[in-house]
Each structure stands twice: as C-alpha cells, then as structure tokens.
Undergrad: 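Supplied in structure tokens, the structure appears directly below.
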Amino acid sequence: MPKYFLKTFGCQQNVADSERIASFYESRGFVAAQSEEEADTIVINTCVVRERAAEKVFGLIRNLSYLKEKKPNLSFVITGCLIGAASREPSGKMLRSLRERLPEAQFLPLEEVGFEYAPKRAAGKLASIPISNGCNNFCTYCIVPFSRGKERSRAFQDILDEARDAIASGRDEIFLLGQNVNSYGADFLMNALGEKREVFLLPDGKEVKPVLVKHLNRHRIPTLFPHLLEAVATMPGVSKVSFISSNPWDFSDELIEVIRRNENVDRTIHLPVQAGSDDILKRMNRWYSREEYLALLGRIRAAIPPVRFTTDIIVGFPGETLEDFETTLDLARRAKFDKAYIAWYSPRPGTAASKFPDDVPYEEKKRRWKELDALVNKR
Ligand code: SF4
C-alpha cells in the first residue's frame with residue numbers, strides 16, 4: 001500500500017485540517033508513514049500567517065529532494081493556506097510563481113478535502129472540531145480572508161454529530177475552532193434574512209429570529225455561536241469545551257450568559273485585542289475601541305469571576321507612534337492578561353496594510369515587543 005507522510009505548519013486549525021487530510025488519503029488506500037524516508041507521498045500543510053511561508057516550503061522540499069534519488073516516484077503535495085492564498089489572488093501571479101518554482105508538486109486545495117472525512121485524531125482526550133472556515137472581517141494586516149476565503153459555517157447538526165462521535169470514542173474535551181468562532185452561523189441567518197424567513201430553526205427545534213441589531217455602531221446579525229456552545233457543553237460526557245479564536249465585536253451578552261451557566265466551558269478565554277490605541281485599531285479595521293474592549297472584559301469578569309484572559313497583540317504596526325504604543329501598554333496593565341501572544345508587525349503581500357509604509361524600524365519593533373512581553377508575560 002502507498003504511504004503518505006503529513007507535515008503540518010501553523011495553528012490549531014491547521015492541525016485539525018491535517019486530521020481530515022489524513023483521512024482523505026487513507027480513504028484512497030494510503031497508510032501513514034512514520035517518516036519522510038518511508039513515504040511515497042509527502043503532504044505539506046502550509047501556513048501563511050508567518051513571514052516567508054512559500055520560502056519555507058521551497059526550503060523543505062529542497063532539503064527532502066535527496067529522497068527522490070532513492071525513490072524517483074516520490075511525490076510532494078502542497079495544501080493549506082499557501083494554496084488557498086495563491087488560488088484566490090486575482091492576478092494569478094502567485095499561483096503561476098508557485099507552479100514555476102515547484103513544477104513537480106501537486107496542489108491540493110482544502111476545499112477538495114472538505115468536512116466529509118471523519119478526522120483521524122491523535123491519541124488523547126481532546127477532540128478539535130472546526131465549526132467554520134474563512135473570515136469576512138478583513139483586518140488590514142491579516143492574510144486569512146485571502147488564504148481561507150469567505151467565512152462558511154459548518155452545518156450545526158454535523159458539528160453535534162462529530163462531537164457525539166468523539167465522545168463515543170472516549171474523548172471528553174471538545175475544542176471548537178474557527179477564525180472567528182463568535183460569528184458562527186451568521187451566514188445561515190443572513191441567508192434566512194434574505195429569504196425573508198421569520199425564524200431560523202435549530203436542530204433541537206429552537207427558533208432564532210434573523211434580525212439585524214445595532215452593535216458597536218454597526219448593524220450586525222446576532223450569531224448562532226451561543227446556541228452551538230450550549231448544545232455542545234450540555235452533551236452528556238463532555239467535561240470541558242474550549243473555543244478559539246474569538247472576536248471582541250461578536251462577543252455578545254448572550255454568549256457570556258451561556259459560558260456563565262455551563263461550568264464546563266473553559267474559563268480561560270482568548271480574546272485578541274491587537275492594539276490599545278483607537279487610531280491603530282481603526283487602521284487595522286478592528287471595529288471596537290479600547291474602552292469597548294475593556295468594558296467587555298469587565299462584563300465578562302463580573303458575570304464569570306474566575307475567568308482569565310489571553311490575547312494577541314501586534315507591535316510596530318504602520319503608523320504606530322510611541323504614544324500609541326504607550327496606550328497599548330496601558331491597556332495591557334488594565335486588562336491584566338494572563339498571557340499575550342505578541343508579534344511584531346511585518347507585511348503580508350496582498351493585505352491592505354502591506355500598502356501602508358512599514359515605518360517603525362525593526363530595532364524599535366523589537367524593543368516594543370520586549371517591553372510589552374516583560375509587562376504581560378514576565379511578571
Ligand atoms: Fe484575520 Fe481574525 Fe481579522 Fe479574520 S478576524 S481578518 S482571521 S485577524
């Protein structure tokens with residue numbers, strides 16, 4: 001039987017995608033190889049969030065090319081965000097350049113894998129379950145809306161079925177994954193609204209009204225995430241439910257209430273703030289202000305006293321002055337984060353921010369990174 005070896009770069013969502021990619025290959029008669037040397041096909045699940053993603057893939061294939069001498073039929077398959085970003089780039093330049101540099105590699109778009117393959121999970125108690133893919137928010141620094149495309153929610157019942165299967169197979173911790181889990185189901189409600197349906201029906205018969213509401217000065221549609229989270233948390237056999245990643249602007253009072261009344265929902269909440277200055281938040285196309293963010297933390301803390309927060313912050317974003325950075329330090333002090341994942345800004349080709357002058361010198365980005373890291377992570 002042919003053997004595949006799967007190499008995964010990037011986040012938890014990529015790890016979950018790889019569980020499905022493994023099943024995709026096994027359904028085609030492949031078995032897992034223990035190492036690259038054993039493999040007939042090497043599948044590389046790529047990440048573009050970090051810099052020079054394509055270069056890393058070229059480097060990896062170069063390093064492994066000695067295997068071709070022993071096994072001329074060895075094939076390389078590139079999948080994940082790099083292929084997503086290249087195939088959505090309108091000029092086609094990125095895809096052409098990938099094809100030129102990797103003439104022998106095959107490209108596997110994640111859409112071909114889809115959700116229909118039961119994931120091949122690693123051993124343990126945890127089951128990671130993707131609930132949506134893509135993102136509509138277009139934060140100006142972020143490549144995800146290009147690499148993963150428009151946000152598409154997975155059917156509510158499919159998610160529950162997958163959670164049930166995971167519990168039946170001995171898992172008791174469920175990790176719900178999406179680029180913005182809080183907006184889960186907004187696409188279903190928008191469709192219902194477009195079709196002028198009075199209510200959207202959940203699998204348990206609950207009715208949700210598809211109506212636009214005013215939220216943070218914008219008209220938004222409430223989402224189905226609180227319902228989904230509650231449905232998973234109340235399943236017999238679930239000892240813990242976590243979710244990532246959460247967007248502050250979709251974190252509703254309804255969601256806070258669902259977390260409060262279900263004690264098995266993780267009390268550590270990851271809530272990326274990205275910057276503490278309103279000017280920078282605007283330039284990032286994040287739709288909340290620093291005060292709205294801090295007020296949200298306050299509401300969650302008041303409702304769920306043992307809650308802890310982790311966050312993501314970018315330092316050295318284009319135009320970030322010393323004063324802007326000071327406001328980020330101030331927000332971090334007031335927010336009392338348990339941990340911050342801090343990145344210093346570097347442009348991602350194709351994003352809106354890549355056209356802004358990258359005007360904070362590298363050494364200064366590094367200095368700000370160190371200062372913030374010392375404040376939040378080295379206390
Ligand atoms: Fe990227 Fe998250 Fe912003 Fe979506 S919400 S564009 S995934 S940073």
Side-chain angles (χ1 to χ4, degrees), residues 6-18 20-21 24 43-58 60-61 76-117 130-154 177-181 183-188 190-191 245 247 272 274 283-287 312 314 318 343 345-356 358:
L6 185 48
K7 171 109 187 131
T8 305
F9 290 101
C11 63
Q12 193 66 28
Q13 180 104 20
N14 272 24
V15 174
D17 289 340
S18 282
R20 285 182 161 72
I21 295 166
F24 174 87
V43 185
I44 306 170
N45 189 5
T46 56
C47 167
V48 284
V49 168
R50 299 261 170 243
E51 248 180 312
R52 295 191 296 276
E55 294 307 321
K56 274 188 197 142
V57 174
F58 302 145
L60 180 67
I61 292 186
F76 289 99
V77 176
I78 319 295
T79 184
C81 291
L82 183 62
I83 300 306
S87 45
R88 285 185 192 91
E89 192 265 314
S91 74
K93 235 163 103 184
M94 194 173 167
L95 199 56
R96 274 198 301 280
S97 139
L98 278 183
R99 288 205 192 288
E100 273 161 27
R101 293 200 59 183
L102 301 170
E104 290 181 23
Q106 297 161 38
F107 298 165
L108 173 69
L110 275 179
E111 289 78 2
E112 266 182 47
V113 177
F115 285 121
E116 62 263 34
Y117 295 93
I131 66 170
S132 59
N133 189 31
C135 184
N136 299 341
N137 290 325
F138 290 92
C139 300
T140 53
Y141 53 83
C142 182
I143 189 78
V144 167
F146 306 96
S147 61
R148 287 187 177 260
K150 248 176 116 181
E151 183 175 76
R152 289 174 315 275
S153 300
R154 215 177 143 191
L177 298 171
Q179 272 71 48
N180 177 12
V181 286
S183 60
Y184 169 79
D187 44 352
F188 299 153
M190 280 310 279
N191 290 344
S245 195
N247 248 296
Q274 304 298 3
R283 289 165 65 76
M284 287 177 161
N285 195 31
R286 305 283 290 184
W287 300 346
D312 295 333
I314 298 171
Y345 175 78
S346 63
R348 295 292 172 271
T351 59
S354 68
K355 297 182 184 79
F356 302 163
D358 186 11

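Being a predicted model, the structure only gives us computed values, none of them experimental.
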Undergrad: With sequence neighbours left out, which residue pairs that include part of residues 78-88 fulfil the side-chain hydrogen bond (donor to acceptor under 3.5 Å, both in side chains) condition?
TA: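 Residue pairs with at least one partner in residues 78-88: R88-E111.
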Undergrad: Can you name the side-chain contact (heavy atoms from CB on, under 4.5 Å) partners of D312, sequence neighbours left out?
TA: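 With sequence neighbours excluded, D312 shows a side-chain contact (heavy atoms from CB on, under 4.5 Å) to H270, P272, Q274, Y341, given in chain and number order.
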Undergrad: Within the structure provided, determine whether L82 and K56 are in side-chain contact (heavy-atom separation under 4.5 Å).
TA: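 L82 does not reach K56 side chain to side chain.
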Undergrad: List the steps, then state whether side-chain contact (heavy atoms from CB on, under 4.5 Å) holds for I61 with I78.
TA: CA-CA 10 Å; I61 292 186; I78 319 295; 3.6 Å; yes
Undergrad: Within the 4.5 Å heavy-atom criterion, are W287 and N137 side-chain neighbours or not?
TA: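 Side-chain contact under 4.5 Å: yes.
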Undergrad: Tell me whether T8 contacts the main-chain N or O of S18 through its side chain, where contact means a donor paired with an acceptor under 3.5 Å.
TA: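 Not a single qualifying donor-acceptor pair exists.
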Undergrad: Are V48 and F146 packed together at the side-chain level, in the sense that at least one heavy-atom pair is separated by less than 4.5 angstrom?
TA: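 Counting from C-beta outward, V48 and F146 never come under 4.5 Å.
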Undergrad: Please tell me if the side chains of Y141 and R286 come closer than 4.5 Å, counting only heavy atoms from C-beta onward.
TA: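 Yes. Closest side-chain heavy atoms under 4.5 Å.
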Undergrad: Under 3.5 Å, is there a donor on one side chain and an acceptor on the other for S153 and E151?
TA: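 Checked: S153/E151 side chains show no N/O donor-acceptor pair below 3.5 Å.
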Undergrad: Donor-acceptor check, side chain of Q179 to backbone of G134, threshold 3.5 angstrom: yes or no?
TA: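 Yes; judged by distance alone, with no hydrogens or angles, the pair exists.
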Undergrad: Just by distance, do the side chain of N14 and the backbone of F9 share a donor-acceptor pair under 3.5 Å?
TA: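 Yes; at least one donor-acceptor contact below 3.5 Å.
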Undergrad: Would a distance-only check, ignoring hydrogens and angles, find a side-chain to backbone donor-acceptor pair under 3.5 Å from R154 to P130?
TA: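 Checking the backbone N and O of P130 against the side chain of R154, a donor-acceptor pair under 3.5 Å is found.
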Undergrad: Is a side-chain donor or acceptor of D358 paired with a backbone partner of S346 at a separation under 3.5 angstrom?
TA: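 Flag not set: sc D358 to bb S346 has no pair under 3.5 Å.
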Undergrad: Can you give me every donor-acceptor pair (side chain of residues 92-105, partner residue at least two apart or in another chain, under 3.5 Å) with its distance?
TA:
{"residue": "R101", "atom": "NH1", "partner": "E55", "partner atom": "OE2", "Å": "3.3"}
{"residue": "E104", "atom": "OE1", "partner": "K68", "partner atom": "NZ", "Å": "3.3"}

